[in-house]
Amino acid sequence: MGSYMSAAMIQQSLVVDSMRMPSDSTQPRKEGKKTRVVLLHADQGYADRALLPDARILVGSVRLRHDSMYMYCDSALIFDSTNSVEAFSNVRMEQGDTLFIYGDYLFYDGMTQIAMLRNNVKLINNNTTLLTDSLNYDRLYDFGYYFEGGMLTDDENVLTSDWGEYSPTTKIAVFNHDVQLENPRFTLTSDTLKYSTETKVANILGPSNIISDNNHIYSERGIYDTGNDIAELMDRSILTNEGKKLTGDSLYYDRKQGYGEAFDDVVMNDTINKNMMTGDYCFYNELTGYAMATRRAVAIDYSQGDSLYLHGDTLKLLTFHINTDSVYRETRGYHKVRMYRTDVQGVCDSLVFNSKDSCLTMYHDPIVWNEAQQLLGEVIKIYMNDSTIDWAHIINQALTVEKLDSLHCNQVSGQEIKGYFIEGEMRKIEVIGNVEVAFYPEESDGGMIGLNRSETSLLTLFMKERKMERMIMSPKSNGTLYPMDQIPADKYRLLNFAWFDYIRPLNKDDIFNWRGKRAGEELRKTTRKPVNRSSRDLIKR
């Protein structure tokens with residue numbers, strides 16, 4: 001018995017420990033029933049008034065009871081004046097058929113009903129086991145706490161920490177300092193954690209990381225249902241999955257179903273492909289590769305240094321043939337789409353970018369601006385090469401306008417326009433079908449010679465340093481060159497001329513301000529009449 005701390009030292013430490021409350025208690029300490037610790041059995045009992053004047057010494061198969069708690073040990077000291085017990089070797093406490101506590105040493109204060117167990121301590125409550133070397137158990141509040149490291153296990157998880165407490169009644173455990181929750185599917189590390197051994201739900205109360213084979217979650221507040229693998233997180237929590245990082249004021253994540261939702265000030269960043277999606281609501285399914293953002297949704301491509309910002313009412317990312325060598329993705333923007341980069345801007349009602357052919361297709365009154373150049377048509381297709389424009393295709397009612405000053409514009413229209421780029425600069429333009437040209441040739445000093453009005457079936461323009469180098473028309477057209485002071489008023493503009501500067505996005509914040517075309521300026525859709533079989537046969541003949 002001498003190898004353990006003395007009764008006086010134990011009682012002194014209880015002055016502090018008896019004041020301890022459960023972590024969630026705000027009430028003053030309860031008053032226990034004033035009952036005595038009862039000796040039920042001992043093989044031997046005697047007193048040593050000289051050495052221990054206040055104690056009864058018990059040896060051999062000692063059994064004690066205090067109310068509903070039974071205590072067992074090899075030897076013990078009972079202090080009648082303080083209604084307390086020191087128990088030594090093979091210590092066991094039992095309460096009902098659900099709570100068992102083991103240890104090498106016990107000091108029990110019958111007045112405060114606090115038990116202090118030391119060395120090889122084990123608490124068992126149904127399917128929960130707590131292991132530690134120092135445990136204080138408060139019978140009034142029905143909770144035990146350790147402070148020199150411990151481990152709690154149930155049929156789902158293993159939790160370790162420097163400090164912790166557990167209540168057999170509520171099945172709630174609280175852990176502090178170097179907390180680790182080990183699950184076969186993931187590991188959770190935290191500074192502070194509250195955990196229910198009944199529901200298997202962990203309450204995150206401090207900086208925490210949840211790491212699995214496929215993803216990483218960081219959060220400072222929220223809950224994680226470890227049995228169902230569902231997280232509900234707050235305070236700018238972050239979900240990272242294979243280079244994609246989803247951040248929001250609050251997150252919902254279902255690991256089994258493989259999807260996450262983020263709410264308010266959401267950012268989904270793909271650090272591998274160097275693009276991100278923002279909005280007030282985002283959804284991402286890691287199993288299917290599907291993502292969606294809405295409410296001030298923005299897609300941002302920052303792969304080329306100068307970021308491209310694209311906004312629509314709803315943005316979606318779809319992945320096809322996922323986990324195969326044939327995988328490709330489509331980014332879709334729906335309704336009131338506006339995009340901005342310092343060198344290019346655009347608007348349309350909807351668009352699709354397909355990674356298979358690196359083609360961006362703009363639908364329903366699309367317009368693209370590049371510095372002083374405007375392009376529009378019924379459909380615009382832009383083919384990319386490493387995030388830079390390779391070539392562009394304007395389909396039906398195609399029009400390109402280059403604004404020279406407030407009055408003069410170079411204009412070309414046709415059924416189709418194809419523009420070819422080298423290092424982001426347009427070098428060749430092909431205009432196909434019903435071609436009309438209004439063009440101002442220039443002197444070597446940049447002065448305008450006059451206005452050239454021409455019509456043809458096929459026009460090819462070769463550009464250099466954003467200026468026309470030469471023009472080829474098929475069939476050849478002489479056209480009409482009007483001197484600058486003799487241009488008729490009706491010749492300044494082509495019949496379908498339009499300059500939509502009031503629609504053009506001005507900066508990355510202006511993409512949220514939708515401005516549609518004025519009434520009467522929308523394109524009228526064209527339809528191509530199908531060629532019947534007899535007509536085809538006639539053409540072949």
Side-chain angles (χ1 to χ4, degrees), residues 268 275-283 290-301 307-318 320 329-341 343-370 373-384 389 391-401 413-419 496-528:
M268 187 167 69
N275 57 62
M276 68 173 65
M277 191 179 291
T278 67
D280 288 334
Y281 173 78
C282 278
F283 174 95
Y290 171 82
M292 184 269 285
T294 188
R295 300 196 295 245
R296 292 185 67 84
V298 180
I300 305 169
D301 182 289
S307 298
L308 172 69
Y309 298 84
L310 185 148
H311 165 68
D313 290 347
T314 301
L315 301 178
K316 293 183 178 181
L317 173 66
L318 291 84
F320 300 89
R329 294 174 175 84
E330 280 187 2
T331 301
R332 300 177 181 179
Y334 296 97
H335 309 308
K336 299 181 179 179
V337 175
R338 290 168 65 80
M339 60 183 178
Y340 176 86
R341 194 169 68 186
D343 62 336
V344 63
Q345 301 84 43
V347 299
C348 61
D349 181 70
S350 56
L351 61 78
V352 176
F353 177 75
N354 190 319
S355 68
K356 180 188 288 186
D357 54 8
S358 297
C359 178
L360 174 68
T361 305
M362 303 171 66
Y363 298 96
H364 306 299
D365 279 328
I367 310 173
V368 174
W369 295 267
N370 174 237
Q373 189 116 7
Q374 172 191 275
L375 300 93
L376 60 86
E378 290 185 22
V379 176
I380 297 178
K381 291 179 175 285
I382 301 174
Y383 293 85
M384 314 295 288
I389 299 177
W391 69 285
H393 188 189
I394 306 173
I395 303 171
N396 292 339
Q397 303 187 64
L399 172 69
T400 175
V401 177
S413 69
Q415 290 181 356
E416 298 179 55
I417 295 179
K418 296 180 180 180
N496 62 342
F497 171 85
W499 182 253
F500 296 108
D501 58 332
Y502 63 92
I503 293 176
R504 187 175 189 171
L506 304 177
N507 51 56
K508 65 182 181 65
D509 297 315
D510 192 38
I511 60 176
F512 297 106
N513 302 316
W514 174 256
R515 298 184 291 274
K517 290 181 178 179
R518 297 188 184 109
E521 294 185 337
E522 302 90 348
L523 289 179
R524 295 180 180 178
K525 299 294 184 293
T526 59
T527 57
R528 295 182 178 180

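Because the structure is predicted, anything quoted here is derived from the model rather than measured.
- Scanning all heavy atoms of the two residues, the minimum distance from Y383 to D357 falls at CD2-O, 3.9 Å.
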Apply side chain to side chain contact (heavy atoms under 4.5 Å, CB included) to K517 and I503, showing your working. CA-CA 7 Å; K517 290 181 178 179; I503 293 176; 3.5 Å; yes

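- The two residues P366 and G377 make their nearest non-hydrogen contact at CD-O, 3.0 Å.
- Summarising the geometry of L376 relative to I394, their closest heavy-atom pair is O-CG2, 3.2 Å, with the distance given to 0.1 Å.
- The side-chain contact (heavy atoms from CB on, under 4.5 Å) test applied to D509 returns N507, not counting sequence neighbours.
- One finds the CD atom of Q345 at 10.0 Å from the CG atom of D510 (value rounded to the nearest 0.5 Å).
- Note on R341 versus D301: no salt bridge recorded, every NZ/NE/NH1/NH2 to OD/OE distance being 4.0 Å or above.
- D313 is not listed as a side-chain neighbour of Y334, based on a closest heavy-atom distance of 4.5 Å or more.
- Remark: S350 OG to D365 CG distance equals 10.5 Å, nearest 0.5 Å.
- S413 and N496 make their closest contact through CB-ND2, 3.6 Å (heavy atoms, listed as atom of the first residue, atom of the second, distance).
- Judged as a side-chain contact (heavy atoms from CB on, under 4.5 Å), and not counting sequence neighbours, the contacts of K418 are W391, H393, E416, Y420, E430, I432.
- L506 is not listed as a side-chain neighbour of N513, based on a closest heavy-atom distance of 4.5 Å or more.
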Mind running side chain to side chain contact (heavy atoms under 4.5 Å, CB included) on F320 and K356 for me, showing each step along the way? CA-CA 10 Å; F320 300 89; K356 180 188 288 186; over 6 Å; no

Decide side chain to side chain contact (heavy atoms under 4.5 Å, CB included) for T361 and K381; before the verdict, give the C-alpha distance in whole Å, the side-chain angles of both, and the deciding distance to 0.1 Å. CA-CA 4 Å; T361 305; K381 291 179 175 285; 3.3 Å; yes

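- With sequence neighbours excluded, the residues forming a side-chain hydrogen bond (donor to acceptor under 3.5 Å, both in side chains) with W369 are Q374, listed by chain and number.
- In this structure, V379 and N396 have side chains that are not in contact, with every pair of non-hydrogen atoms separated by 4.5 Å or more.
- Residues V344 and V368 have side chains in contact (heavy-atom distance under 4.5 Å, counting atoms from C-beta outward).
- Looking only at side-chain heavy atoms (C-beta outward), L310 and L351 come within less than 4.5 Å of each other.
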Can Y340 and R504 be said to form a side chain to side chain contact (heavy atoms under 4.5 Å, CB included), step by step? CA-CA 9 Å; Y340 176 86; R504 187 175 189 171; over 6 Å; no

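- Distance check, rounded to the nearest 0.5 Å: CE of M292 to CZ of F283 gives 7.5 Å.
- Taking NZ from K336 and CZ from F512, the interatomic distance works out to 14.0 Å, rounded to the nearest 0.5 Å.
- Of all non-hydrogen atoms in V347 and M362, the two that sit nearest each other are O-CE, 3.4 Å.
- In plain terms, the two heavy atoms of R295 and Y281 that are nearest each other are NH2-CB, 3.3 Å.
- Atom CZ of residue R332 and atom CG of residue L318 lie 4.5 Å apart, to the nearest 0.5 angstrom.
- Between the CD1 atom of I511 and the CZ atom of R296 there is a distance of 8.5 Å, given to the nearest 0.5 Å.
- A donor-acceptor contact shorter than 3.5 Å links the side chain of N370 to the backbone of D343.
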